[in-house]
Participant: 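Mind looking over this structure? Questions follow.
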Amino acid sequence: MSEPYGQLGRVLAGLALAGLLVGCVVLAGATPGGPLESDYPTEVEVTPDAESYVGDQVILGGFVVDTEPVVIATRASGYGQFTLVDADDQLRAGTGPLEEGDRVTAFGTLADDSTLLVERTVTRESSETGYMLVVSALGGLWVVGRVVRHWRFDRTALAIVPRTGDRGDTPTDETDRRTQSRARAGGERRG
Amino acid sequence: MSGVADVLTHVLVGYVIGMLLSFRVERIGPAHVTLVMLGALSPDVVKIQHVVPDGAVAALLGVPFAWGPVHTLVGSALVIGLIALVVAPANRLLAVALLAVGALSHHVLDVLLVTPTGEAYAVFWPLLEYRPPAGDLYLSSDRWPAVVAGCCALVVWLIDRRRDEPAGAPARE
């Protein structure tokens, strides 16, 4: 099968898709929040100016510096301390109760400039970041390996096709022609 | 890094779905299973942000920039379209379908993640700002989803090996 709209059509389609994708990433960069970040203020905004967020719902990420009651520091220096009310009770996942050094992300309402009434808490051990990186790299390499093993670049079609032997491998026009001419040549020789 | 289950789990789930499809559909071979896996991986292109952050790209290009949209349904549709254009026409439609199945499985799994706010990410952005409620099933750093997906992958791999044994070959028993 040849390109249904020719190679020019293919390039134009590619440019259109790439243009839309670029539009999306630029739009996301230009709008605060974005699809993956939540709409609520985080410790980055709240820590330096907590008073102005009192009464608001905020997300505070940090590490536990005290457990009775739970106090977190949003900065590595230990600065930006907030008391988390009900943090253990609202723990969604991870192994509770919270211990010193645990990384937590707490969502709730800021009662005063250093107290958060927690609605939800999520925790993660810091060692898990390394695990995530290794395991993610493994997943990525597996897919790359399979693509290389099962697909090849066809220079006549300027596209990738399944390697021969894979089910679903449909010969391109060029190989069709080659097979036909080979068959014809064989026929002539025999005749 | 929150809001993104680990890549390996997604790829394993893509493998399982692809293999199950290959049992059902004659046309689907190993190359096509790879497409489901690639589709399942594709939203995680967003993880480039841990190596090249939004701000670095923005500074380099001089325009506002965020990787986030890659990890939405719209972003997935565009990425799938681009990958499909690289595939030869004879396989293109099937490629779109298989990549889409993989990408959809990714988004379903990621909406099920625990989030601090109880809301998942804006799956339909930029069409809708709506954030579906989070499934609260697992953390992105939990290991059991990868273990479960790995076991399922092992099972389909074993089934596939049995199926590939030539017909008429003497039974092992």
Side-chain angles (χ1 to χ4, degrees), chain A residues 1-4 10 13-14 17-18 20-21 24-30 34-40 57 59 61 92-94 105-107 119-122 124-125 128-129 131-132 135-140 142-143 146-147 149-151 154 157 159-163 166-170 172, chain B residues 1-3 6-12 26-32 34 37-38 41 44 46-47 54 58 63-72 74-75 78-79 81-82 85-91 94 114-119 121-123 125-126 131 136 138-143 146:
Chain A
M1 203 192 291
S2 61
E3 281 298 328
R10 190 175 168 210
L17 290 172
L20 284 169
L21 195 57
C24 280
V25 291
V26 170
L27 178 66
L36 298 190
E37 291 76 34
S38 67
D39 294 330
Y40 301 98
Q57 286 189 303
I59 304 171
R92 293 293 147 166
T105 307
F107 173 67
E119 286 163 42
R120 295 167 62 91
T121 327
V122 173
R124 173 193 289 172
E125 287 156 32
E128 284 164 350
T129 314
Y131 159 80
M132 293 273 290
V135 143
S136 296
L138 266 178
W142 184 20
V143 174
R146 279 191 65 116
V147 169
R149 223 181 106 203
H150 294 297
W151 293 82
D154 183 327
I160 60 166
V161 293
R163 284 192 190 274
D166 267 8
R167 271 172 283 173
D169 178 29
T170 319
T172 59
Chain B
M1 199 176 268
S2 63
D6 72 71
V7 177
L8 183 63
T9 306
H10 285 301
V11 173
L12 284 166
E26 183 62 26
R27 231 192 121 187
I28 296 177
H32 300 103
T34 305
M37 294 165 72
L38 188 61
L41 172 81
D44 270 350
V46 76
K47 290 202 174 181
D54 294 346
V63 287
F65 184 91
W67 287 105
V70 179
H71 198 280
T72 64
V74 173
L78 295 171
V79 170
L82 284 169
L85 282 175
V86 181
V87 177
N91 271 293
L94 185 59
V114 180
T115 64
T117 58
E119 290 173 343
Y121 56 101
V123 192
W125 194 93
R131 288 155 201 273
D136 273 357
Y138 39 76
L139 283 172
S140 54
S141 55
D142 276 347
R143 293 169 197 204

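Every value quoted in this text rests on a predicted model; they were computed, and no experiment measured them. Chain A is the first sequence line, chain B the second, and so forth, proteins listed ahead of strands; every chain is numbered from 1.
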Participant: Hey, is the main chain of B/Thr9 close enough, under 3.5 Å, to the side chain of B/Asp6 for a donor-acceptor pair?
Facilitator: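 Indeed, once roles are kept as given, a pair shorter than 3.5 Å links the two residues.
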Participant: Using every non-hydrogen atom in the two residues, find where B/Val11 and A/Gly139 come nearest and quote the distance to one decimal.
Facilitator: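 The answer is CG2-O, 3.8 Å.
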Participant: With chain A, which of B/Ala58, B/Gly118, B/Ala146 has the greatest number of heavy-atom pairs at distances under 4.5 Å?
Facilitator: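 Highest number of pairs under 4.5 Å: B/Gly118.
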Participant: With rounding to the nearest 0.5 angstrom, report the CG to CH2 distance, A/Leu27 to B/Trp125.
Facilitator: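 If I round to the nearest 0.5 Å, the distance is 4.0 Å.
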Participant: Side chain from CB out, backbone as N, CA, C, O: work out which of these in B/Leu94 comes under 4.5 Å of a heavy atom of chain A, or both, or neither.
Facilitator: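 Nothing of B/Leu94, per the 4.5 Å heavy-atom cut-off to chain A.
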Participant: Kindly compute the distance separating CZ (A/Phe107) from CD (B/Glu119), expressed to the nearest 0.5 Å.
Facilitator: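 Answer rounded to 0.5 Å: 7.0 Å.
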Participant: Report the option among A/Gly29, A/Pro35, A/Ala159 that has the most heavy-atom pairs separated by less than 4.5 Å from atoms of chain B.
Facilitator: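 The residue among A/Gly29, A/Pro35, A/Ala159 with the greatest pair count is A/Pro35.
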Participant: Under 4.5 Å, counting heavy-atom pairs only, tell me which of A/Leu17, A/Val25, A/Val143 racks up the most with chain B.
Facilitator: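 With the most close heavy-atom pairs to chain B, the winner is A/Val25.
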Participant: To the closest 0.5 Å, what do you measure between CZ (A/Arg149) and OG1 (B/Thr34)?
Facilitator: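 So the gap between those two atoms works out to 8.5 Å.
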Participant: Against chain A, label B/Val63 side chain, backbone, both or neither, depending on which of its atoms sit under 4.5 Å from a heavy atom there.
Facilitator: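 For B/Val63, the side chain is the part near chain A, not the backbone.
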Participant: Most heavy-atom pairs under 4.5 angstrom with chain A, which of B/Ala122, B/Gly75, B/Gly81?
Facilitator: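 The residue among B/Ala122, B/Gly75, B/Gly81 with the greatest pair count is B/Ala122.
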Participant: Does any backbone or side-chain atom of B/Thr117 lie under 4.5 Å from a heavy atom of chain A? Answer side chain, backbone, both or neither.
Facilitator: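 Contact with chain A is through both the backbone and side chain of B/Thr117.
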Participant: Below 4.5 Å from any heavy atom of chain A, which atoms of B/Leu85 appear? Answer side chain, backbone, both or neither.
Facilitator: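 Both backbone and side chain of B/Leu85 come within 4.5 Å of chain A.
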Participant: Search all heavy atoms of B/Pro30 against all heavy atoms of A/His150 and return the closest pair with its distance.
Facilitator: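 What the structure gives for the nearest pair is CB-CE1, 3.3 Å.
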Participant: Is chain A contacted by the side chain of B/Asp136, its backbone, both, or neither, given a heavy-atom distance below 4.5 Å?
Facilitator: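 Side chain only.
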Participant: Check whether A/Trp151 reaches the backbone of B/Ala31 with its side chain - one donor and one acceptor, N or O, closer than 3.5 Å.
Facilitator: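 Checked: pair present.
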